[in-house]
S.K.: 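One structure follows; several queries about it will come next.
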Amino acid sequence: MIDAAPLDDPDTFVAGLPLELLAQLREEEPVHWVAHRRGGGRYVVTSYRYVREFNRDWRQFSSSQLAVSGGEGEHRGQGAITLLEFDPPDHTALRLLVNRGFTPRAIRRLEESAHRIAGELVDKFITEGGGDAAELLAAQLPLQVTGEMLGIPVSDRNDILTWTNTAIGAFDPEMCPTMDDARAAMTNFAEYGQAHIARRKAEPGDDVFSSLVHAEYEGRRLTDEELGGWWQLLVTGSTETTRNLLSSGLMLLLDHPDQAAALAADESLLDGAIDEMLRVVTPVMHHQRRVTAPMEHESGVSFESGQIVDLWMTSANRDPEVFDNPDVFNIRRDASDHLSLGSGGPHYCLGANLAKTEARAYFSALVPHLERMERTGAESRLRTTHFNSLKHLPVVVK
């Protein structure tokens with residue numbers, strides 16, 4: 001019997017991804033029952049085929065009223081419900097609300113901002129001879145672009161980063177010494193969000209968040225609580241996941257100089273390289289769905305209503321049935337079928353295009369300097385079971 005308990009232990013991920021365990025689950029029992037200490041349990045799903053199938057089948061495997069993070073949580077916590085916890089048709093209608101803010105003008109402005117900010121950050125990093133690339137580069141670019149997108153004053157953005165770092169790093173003593181710190185960070189973040197909602201109601205700008213604050217849903221404006229859910233989703237969704245891609249993507253290039261050299265020689269490989277980074281990194285390692293009705297599944301599992309399925313994209317993205325030599329980082333690979341941004345269904349990542357835009361700006365700015373850059377020590381990983389996140393990546397520019 002396979003012991004999948006390490007997947008619930010954040011210390012497992014401090015040392016790195018448990019790829020051997022995930023491969024064993026994928027090969028021997030791709031839909032595996034994990035009993036919880038407090039009773040009940042969940043199914044851990046690890047094959048590409050089933051992760052993709054369950055993620056797309058929102059009628060049988062629902063997001064409604066369910067926290068997306070893994071571990072032993074079978075019920076969502078308190079707070080505003082976000083888009084991630086809706087299914088169609090509400091999910092579809094709510095996505096359209098924020099999409100209205102992404103006008104052609106807004107998209108052009110965000111693209112210009114991403115390239116300008118990336119250039120400024122990289123130039124400073126190179127001039128100063130390097131530093132912690134995870135903090136100085138990967139964390140800052142999505143923070144600043146998100147600030148532009150949501151109309152957050154520049155002077156407030158590092159406070160936002162501090163609060164989200166603390167909340168997301170709630171189980172990492174470096175990021176969050178006590179649970180009181182986590183609670184305070186979440187309170188400060190939520191209160192700032194409500195103040196920003198009030199500010200945008202009174203003084204709308206041409207940013208995406210202003211469009212959302214003044215949008216109508218089912219003939220009415222969104223309530224402050226609903227807008228609070230959007231605030232949480234748009235800030236954390238557009239900063240944390242993108243920074244994971246940028247920091248680990250840079251680490252992959254530094255650790256594979258042949259791939260970095262190929263990219264430097266032919267920047268037309270960049271879009272494919274970003275997909276390959278998304279496949280290998282998988283910034284959000286897994287998310288959950290709830291079974292809506294009993295069913296007999298071809299995997300041999302008899303699902304019951306209310307059971308949780310935990311979809312491990314980290315494993316699916318390394319399934320050899322889909323990707324040849326899946327543990328090899330190869331920027332010439334066609335990795336566009338990766339599941340890091342969803343599976344093409346209704347829950348496909350809302351910010352996918354923005355994340356890729358930022359990644360293009362970031363790596364375009366870095367590529368000319370990669371040959372002069374090298375790691376000066378081991379990376380430091382966030383103590384979490386949910387995000388594939390680097391806290392520190394020490395780099396020197398020669």
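Since the structure is predicted, the reported quantities are computational estimates derived from the model, not experimental observations.
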S.K.: Does a side-chain N-to-carboxylate-O contact under 4.0 Å join Asp8 and Arg42?
M.R.: yes
S.K.: Taking all heavy atoms of Ser238 and all of Met149, pick out the closest pair and write down the distance.
M.R.: OG-CE, 4.0 Å
S.K.: Of the non-hydrogen atoms in Gln140 and Asn158, which two are nearest, and what is the gap between them?
M.R.: NE2-OD1, 3.3 Å
S.K.: Do side-chain atoms of Arg290 reach the backbone of Ser62 as a donor and acceptor pair under 3.5 angstrom?
M.R.: no
S.K.: Could you tell me whether the side chain of Phe13 reaches within less than 4.5 Å of the side chain of Asn388, counting heavy atoms only?
M.R.: no
S.K.: Looking at Phe323, I'd like to know if the NZ or CZ of Arg333 sits under 6.0 Å from its six-membered ring centre while staying within 45 degrees of the ring's axis.
M.R.: no
S.K.: For Trp58, does its backbone N or O pair with a side-chain atom of Arg289 as donor and acceptor, under 3.5 Å?
M.R.: no
S.K.: Could you check, using the six-membered ring where one of them is a Trp, whether Tyr43 and His297 have ring centers closer than 6.0 angstrom?
M.R.: no
S.K.: Would you confirm whether His196, through its side chain, and Leu150, through its main-chain N or O, come within 3.5 Å as a donor-acceptor pair?
M.R.: yes
S.K.: Tell me whether Arg200 is salt-bridged to Asp207, with the criterion being a basic N under 4.0 Å from an acidic carboxylate O.
M.R.: yes
S.K.: I'd like to know if the side chain of Glu374 and the backbone of Val396 have a donor-acceptor N/O pair within less than 3.5 Å.
M.R.: no
S.K.: Would you tell me whether Asp132 and His392 have side-chain atoms, one donor and one acceptor, within less than 3.5 Å of each other?
M.R.: yes
S.K.: Are there more than 12 heavy atoms of other residues, nucleotides or ligands under 6.0 Å from atom CD of Glu298?
M.R.: yes
S.K.: Does any donor atom in the side chain of Asp181 or Thr178 lie under 3.5 Å from an acceptor atom in the other side chain?
M.R.: yes
S.K.: Could you see if Leu246 belongs to whatever hydrophobic cluster contains Leu136? Use Ile, Leu, Val, Met, Phe, Trp, Tyr and a side-chain cutoff under 4.5 Å.
M.R.: yes
S.K.: Counting distance only, does the side-chain N/O of Ser340 pair as donor-acceptor with the main-chain N or O of Leu278 below 3.5 Å?
M.R.: yes
S.K.: How would you list all residue pairs meeting side-chain hydrogen bond (donor to acceptor under 3.5 Å, both in side chains) that involve residues 245-264, not counting sequence neighbours?
M.R.: Asp255-Arg375
S.K.: Measure the shortest side-chain to side-chain distance between Val309 and Tyr50 over non-hydrogen atoms and say whether it is less than 4.5 angstrom.
M.R.: no
S.K.: Please check if any side-chain donor atom of His386 sits under 3.5 Å from a side-chain acceptor atom of Thr384, or the reverse.
M.R.: no
S.K.: Kindly state whether the ring of Trp230 and the ring of Phe209 have centres lying under 6.0 angstrom apart.
M.R.: no
S.K.: For the pair Arg109 and Glu148, find out whether any cationic side-chain nitrogen is under 4.0 Å from an anionic carboxylate oxygen.
M.R.: no
S.K.: If you group Ile, Leu, Val, Met, Phe, Trp and Tyr by side-chain heavy-atom gaps below 4.5 Å, do Leu25 and Leu19 land in one group?
M.R.: yes
S.K.: Would you call Phe387 and Asn244 a side-chain contact if the rule is heavy atoms closer than 4.5 Å?
M.R.: yes
S.K.: Salt-bridge test for Lys201 and Asp224: reply yes if a basic N is under 4.0 Å from a carboxylate O, no otherwise.
M.R.: yes
S.K.: Side chains of Thr239 and Thr146: do they bring a donor and an acceptor to under 3.5 Å?
M.R.: no
S.K.: So which atom in Ala260 and which in Leu370 form the shortest heavy-atom distance, rounded to 0.1 Å?
M.R.: CB-CD1, 4.0 Å
S.K.: Is the closest basic N to carboxylate O distance between Glu128 and Lys124 below 4.0 Å?
M.R.: yes
S.K.: Any chance CG of Asp11 has more than 12 other-residue heavy atoms, nucleotides or ligands included, within less than 6.0 Å?
M.R.: yes
S.K.: A quick test of your reading: do over 12 heavy atoms of other residues, nucleotides or ligands sit less than 6.0 Å from CZ of Phe171?
M.R.: no
S.K.: Give a yes or no on whether Glu120 atom CD has more than 12 heavy-atom contacts from other residues, nucleotides or ligands under 6.0 Å away.
M.R.: yes
S.K.: Can you pull out every salt bridge (Lys or Arg N to Asp or Glu O under 4.0 Å) where at least one residue sits in residues 384-393? Sequence neighbours excluded, please.
M.R.: Asp172-Lys391, Glu174-Lys391
S.K.: With heavy-atom distances below 4.5 Å as the criterion, would you say the side chains of Arg279 and Pro326 are in contact?
M.R.: yes
S.K.: Side chains of Leu270 and Leu263, heavy atoms from C-beta outward: is any pair under 4.5 Å?
M.R.: yes
